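Report on one structure; see the data block that follows.
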Amino acid sequence: MFAAIPQTFVLQIGLVAVAVAAALSLYHKSHGATHFMVPPTVTLEAGFGAERLSSSKAALVLRFILRCVHRLFFLHHEAILDVPHIEKMLSKNRDIFDVGAMTLTLLQRVFGCDFAGKEHARLLAMRARLTKLVARDALNESTVIAALNRASIGSKVSSLITFSDDPGLRQPWERLDDVRILEPTETGRLAELDLKSLLNGLIPCISIPLQYGAGFLGRNPSLLEDLNCFETQATVWLWMGLPTWFPLPSFRRGVAARDRVRKALESVFRYLQSPSDPTKGGGYGGDADVSDAILERLHVFEELSIPLDAIGQIEFALNWAEYENTRKILFWFIFYIYSVPGLLETLRHEVSASGAIALSDLETRSSDPGTTEHDSRDITSLDIATLTRECPLLKSSFFETARLMMETLMFRQIVNHDIVMDDGVHRHELRPGSWVTISNSWTRMDPELYPEPHSFIPERFIKKTTTAEGHVHTTANIRRLRPWGVGPSMCKGHTFAEKEILAIAACIVTLWDIEPVGGEWKRPESKQGISPTLAPVGRVRVVMKRREKW
């Protein structure tokens, strides 16, 4: 993207960003921001160091300017490459690294939690307990599969497009963009829509009801729009430290959307804490409506006397971490499956041969009176365990999507001791208070690790082994790719996210044909946000219809 933009323009915009980051750093320092907050200038320097900007002279100049700014602020920041021994290095020196810097910065700066001064210890205690709860459930494969089964992914994908002209009859995820119902053809009904918006809405509609109950989205009809508004208009600015009162209209809309989502989540816990009859209250109460995980988190909040407004902010942060990365990577995964020549048909054969998806009998339906009839099938059951075990090309294609589209940044602050880190290229001498950024940007595009690194090669992560009996066993091995982070701060929900994405993708390729408007797939530009996956820029208009050949 940056190669097509004049370097002088990049430099001008970058200088403004540097000035803003420096001013925000001074603002937070003057307002007593706690030491564990990641400084805005550090996050900006880490962004300028991304692989996508490696050929930009302007980015190099801006990084140099930021180094000078850091000297003025008495900050020390080093970028460490993701080398083979980095995980061992971090684990060995766990007491030296503060691994919670990014989490706590997100909670306080982006989601509005105010745990200053003595409240910091309570925040750390809460984070530690919630992390254990989330890790216990999210890293247990049987628990994850059981949760995904409750989500009825097959049913949702079967009704991914309703082909209704009445917006009130459409699915919630269809309402995020202009869905045009086209004239039906001999092969069935057609809909033109933005693929990104469709998938952006689908993911929260799967994950959020699992926790807060089937009626939660219905009671909060603007929630999906608010999630999108917050992500696109406010998250980056808040992460950089912009105060919520700043008079930028789009930013203020994003902050207002954040507050509405927080209040919606807060209302669930307000009801759960009330002594009222659990059979009343709009369906919030009772084990049958909210998940056990929510009730366990409520117990932690009550023990630590966390106020209701903070509970809403913390819950929003947990949900954002679960769905935001997932819906971006799902978009790219579906884009590559349908745009890479030959991949779609190969995956359809693999998924069908696995037996993981059961379909209803082929039946003939009529789209509308007087129109041509067409054949259709629905998903009746989905075996996620079989899918992830028996579809190595599907998994390998997902890993390849993650390699291309996830730029993981991990922030650490050195505490207590001086330390020397050698990443194999540079030797870094760090003192207490220093900031360290660990990035996978370079290694994921290293041609020695991944030949033709800028190409999408679906079978790149396929591994074949021969048994003693001579049978060839094919699996997908992620190898050194670490899209979900490294060490103690690794994303706890990655098992859930991987299986969710694989399940949704398998169901979509089984039931739906997708073609780009204009007849040619063009990969959209991308931009870095505060989640690891690059965000697609603009719309990707496609025509969708039910699959016609079986």
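As a basis for the values below, the full set of heavy atoms in this structure was taken, side chains included, without hydrogen atoms, waters or symmetry mates. Positions are given from 1, in the same order as the sequence printed here. It should be emphasised that the depicted structure is a prediction, and the values quoted were computed from it without experimental measurement.
- The environment of K263 atom NZ is sparse: at most 12 non-hydrogen atoms of other residues, nucleotides or ligands sit within 6.0 angstrom.
- Between the side chain of N220 and the main chain of L223, no donor-acceptor pair closer than 3.5 Å is present.
- Under 3.5 Å, the side chains of E515 and W521 contain no donor-acceptor pair of N or O atoms.
- Side-chain N/O atoms of H299 and E303 include a donor and acceptor closer than 3.5 Å.
- In this structure a side-chain-to-backbone donor-acceptor pair under 3.5 Å is present from R444 to L404.
- Side-chain contact between R136 and E296 is present, with heavy atoms from C-beta onward closer than 4.5 Å.
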Under the side chain to side chain contact (heavy atoms under 4.5 Å, CB included) rule, what do V543 and I514 come out as? Steps first, then yes or no, please. CA-CA 6 Å; V543 174; I514 306 176; over 6 Å; no
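- Between Y212 and F269, the ring planes lie perpendicular to each other; the angle is over 60°, past the 30° to 60° tilted range.
- A distance-only check finds a donor-acceptor pair linking the side chain of R327 to the backbone of N200 [under 3.5 Å].
- Remark: R546 is positioned above the aromatic ring of W512, its terminal NZ or CZ atom under 6.0 angstrom from the ring centre and at most 45 degrees off the axis.
- Q233 and R258 share no donor-acceptor pair across their side chains, judged by distance under 3.5 Å alone.
- At a cut-off of 3.5 Å, with distance as the only test, a side-chain donor of S531 or K328 sits close to an acceptor on the other residue.
- Checked against the 6.0 Å centroid threshold, F335 and F456 do not count as a close aromatic pair.
- Considering all non-hydrogen atoms of both residues, L176 and G201 come closest at CD1-CA, 3.5 Å.
- Seen from the ring of F111, R262 does not count as a face-on cation partner, given the 6.0 Å and 45° thresholds.
- The shortest non-hydrogen separation linking R270 to L308 is N-CD2, 3.7 Å.
- A side-chain donor-acceptor contact under 3.5 Å links N325 to the backbone of T533.
- For the pair L169 and S164, the tightest heavy-atom approach, listed with the atom from each and the gap, is CB-OG, 3.6 Å.
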side-chain hydrogen bond (donor to acceptor under 3.5 Å, both in side chains) evaluation trace for Q171 with S159: CA-CA 8 Å; Q171 299 284 6; S159 59; 3.1 Å; yes
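- The only option from Y336, F333, F331 that meets the side-chain contact (heavy atoms from CB on, under 4.5 Å) definition with M405 turns out to be Y336.
- N319 and Q211 share a side-chain donor-acceptor pair at under 3.5 Å.
- Under the 3.5 Å distance criterion, the side-chain polar atoms of S396 are left unmatched by any main-chain donor or acceptor of P392.
- With ring centers used as reference points, F230 lies under 6.0 Å from F316.
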Start with the C-alpha distance between T162 and E174, add both sets of side-chain angles, then the distance that settles side-chain hydrogen bond (donor to acceptor under 3.5 Å, both in side chains), and finish with yes or no. CA-CA 8 Å; T162 58; E174 292 182 90; 3.0 Å; yes
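- For the 3.5 Å distance criterion, the side chains of T495 and E141 fail to qualify, holding no donor opposite an acceptor.
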